[in-house]
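I have placed the structure first, in the form of structure tokens, so that the comments after it can refer back to it.
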Amino acid sequence: MTAFVLKRLGFAVITLFAVLTIVFFIVRILPGDPAMAILGDQASQEALIALRQRLGLDQPLILQYFDFLRGVMVGDWGVSLVSGRPVIQEIGKVLPATLELTLASLVLGAVVGIPLGVWSAVKRNKLPDYITRMASLLGLSFPAFVSAVLLLLVFAIHLRWFPVISSGQGSTLGERLQNLALPAINLGLIMAAYITRVTRSAMLEVLNQDYVRTAHAKGLAFATIIRRHCMRNAMIPVVTVVGLYLGILIGNSVLTEIVFNRPGLGKLIIGALNQRDYTMLQGMMVIYTLIVVLVNLLTDLTYGLIDPRIKY
Amino acid sequence: MENPNSPATLSRGAYLRRSLAVAGDGMLRAFNTNKTSWVGLGLFLLVALIALLAPWIAPYDPLDQNVLNRLKPPSAEHWFGTDYYGRDTLSRIMWGARISLTIGILAIGAALVIGSVIGLIAGYLGGRADIIIMQIMDVLLAFPSLILGLIVVAMLGPSVANLVIAIALTSIPPFARIARAPTIAVKNREFIEAGRALGYSDTRLMFGHILPNIAPEILVMGSLWLATAIRVEASLAFVGLGVSPPTATWGGMIREGFENILDSFWLALFPSIVILIVVFALNLLGDGLRDALDPRLRGEG
């Protein structure tokens, strides 16, 4: 067990460095001078040089790279060029809101998507399957901001069930949930569309297995076969794919946060982009990379929980 | 006497025609297995046609402002209403289709070509080269594509060409993955062995013999990723990183409509519906074809 976890952890660290390296060089390779981008074309030569010095851009690329890596490791992610506060603090302030939103939508996605996928697979090529397939295909066709705008139109503006502008956290639990509801439904339903489709195809694969026929033959109840024999085996691809959809989930959460005006990483990154807050952007990329690598690690470890055949 | 049909004696043109026929056959069979693909294709072609004909069929100039006609609800003169500057929403949607489709098709075209070549080479070479190439692709794949796109566009500046670059860059890894798997499956088949025995070069085997066989799968993924590209372009425009105003883009229109959502909801509603239709049509097309091409599902459903 320890060996497996250590091996996965080692792999995660390597991936982390690989992604950070690629991200670092992509930003550097792109044409455009960050100092010029921050100060504008009319900036004086002295101001540009001073800013480049402050950002360490006058150093050789390789030194910048090691400085960047060192900073990431010791938690020194630089200071926001706009607010003057440490990047890591600014990110830490809004991270819980984004995590709350993504976790809530993942739960919603699983609660809606897994049963629908199983149902669709069991009723293969019958009407329920057909409807579920079309509905899920439609669901994943929604750009997250389009569905967010539509939800806002119907439930906040027309029906007035939810506040139009969610103030973010809210003081009581009730307010908090009310603020979370629409954004989480928006992200959750798109997630559910993806999860439904993966669950369906994983279930179809499992339903054709010999051991399922054997279970039927020995007269087990249908629900027991589905629950104990099929779902447990079908869950492995589902977990993998949900891990792979993390990128989509993150992208969608950015759009959702913007539409619902909810504090979080999404609003932070768009603000940083608009204000050319270069250090903040770099910090955002680090945090996104960390999240992606961490989730991949968790996905790997989850296999072991679902499938005892995977030896630690 | 030489066999006129043996690959060695085929002229370059005949050879290309035959390669295309192999790929085309696969696609046609896939289409006929899954009828919903035709619906998706039809819807998409309709939108493409509107985009193509926008200069002739759009009722108004998409940039023509009319202060006396601001924020008008849908009417006989303006089917989809007018925006904050009195511009006709329907005309802007028609012209916006040109931007969305141009960026999407160019970006996915580029990603398809570059990604497939990378995947083909990785799969064909195998061994260490394969591992290294695919590791890089996986790492790129792990990073949220919208975030990468945001940053690339923010650095390069929002123009059609830069949006194409940003979206193409984030779409290369999936094509590399898609091209690699079937390459590995095909490369040890007899017809490749035979080609090798005849002394064909690796390049000829890869592009002349393996590529036509894996082309249907790549093209199917192309339609699915075109859906994603159109979605990403709209998303970038929505957060303010699309082709600059006053050019009409769907995402940009929703962004502007969103600012007036309390009193003029149709501004955001109509472009939203149009994006949804296009993305859904492409997904319908690609999804149906993928099922039809999947050997595990072949002959069923």
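Naming convention: chains lettered A, B, ... in sequence-line order (proteins, then strands); numbering from 1 in each chain. Just the heavy atoms: all of them, side chains too, but no hydrogens, waters or symmetry mates, feed the values below. Keep in mind that what you see is a predicted model, and the values were worked out from it rather than measured.
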> Parallel, tilted or perpendicular: which describes the rings of B:Phe238 and A:Phe145, with under 30° parallel and over 60° perpendicular?
Replying inline: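 The rings of B:Phe238 and A:Phe145 lie parallel, inter-plane angle below 30°.
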
Region of [X] in contact with chain A, defined by heavy-atom distances below 4.5 Å:
X: B:Leu150; value: both
X: B:Ile230; value: neither
X: B:Asp287; value: side chain
X: B:Thr36; value: side chain
X: B:Ala227; value: neither
X: B:Phe280; value: both

> Salt bridge or not for A:Arg200 and A:Glu205, using N-O below 4.0 Å?
Replying inline: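 Looking at A:Arg200 and A:Glu205, the cut-off is not met.
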
>> Check this for me: does any side-chain nitrogen of one of B:Arg180 and B:Asp130 sit under 4.0 Å from a carboxylate oxygen of the other?
In response: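 Yes.
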
> Looking at B:Leu146, B:Val232, B:Leu276, which one has more heavy-atom pairs under 4.5 Å with chain A than the rest?
Replying inline: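 Max contact count across the listed options: B:Leu276.
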
Counting only heavy atoms closer than 4.5 Å, note whether [X] contacts chain B via side chain, backbone, both or neither.
X: A:Tyr245; answer: neither
X: A:Leu140; answer: both
X: A:Met284; answer: neither

> A:Leu20 and A:Met285: side chain to side chain contact (heavy atoms under 4.5 Å, CB included), yes or no, with the steps?
Replying inline: CA-CA 8 Å; A:Leu20 285 178; A:Met285 287 191 279; over 6 Å; no

> Between OG1 of A:Thr289 and CD1 of B:Ile147, what distance do you get to the nearest 0.5 Å?
Replying inline: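 Nearest 0.5 Å value for the OG1-CD1 distance: 10.0 Å.
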
> Which distance, rounded to the nearest 0.5 Å, do you find between the CG of A:Leu294 and the CG of A:Leu16?
Replying inline: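 CG of A:Leu16 is found 9.5 Å from CG of A:Leu294.
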
>> The test is side chain to side chain contact (heavy atoms under 4.5 Å, CB included); show your working for A:Leu265 and A:Ile291 and say whether it passes.
In response: CA-CA 12 Å; A:Leu265 291 180; A:Ile291 293 174; 4.1 Å; yes

Please identify, among [options], the residue contributing the most non-hydrogen atom pairs under 4.5 Å to chain B.
options: A:Leu150, A:Leu138, A:Ile250; result: A:Leu138
options: A:Leu255, A:Val149, A:Val295, A:Asn252; result: A:Leu255
options: A:Ile270, A:Ile258, A:Leu153; result: A:Leu153

>> Check whether B:Trp95 forms a cation-pi arrangement with B:Arg98 (NZ or CZ under 6.0 Å from the six-membered ring centre, at most 45° off the ring normal).
In response: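 Cation-pi check for B:Arg98 and B:Trp95: passes.
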
> Can you check side chain to side chain contact (heavy atoms under 4.5 Å, CB included) on B:Leu289 and B:Leu285, steps first, answer last?
Replying inline: CA-CA 6 Å; B:Leu289 290 182; B:Leu285 169 66; 4.0 Å; yes

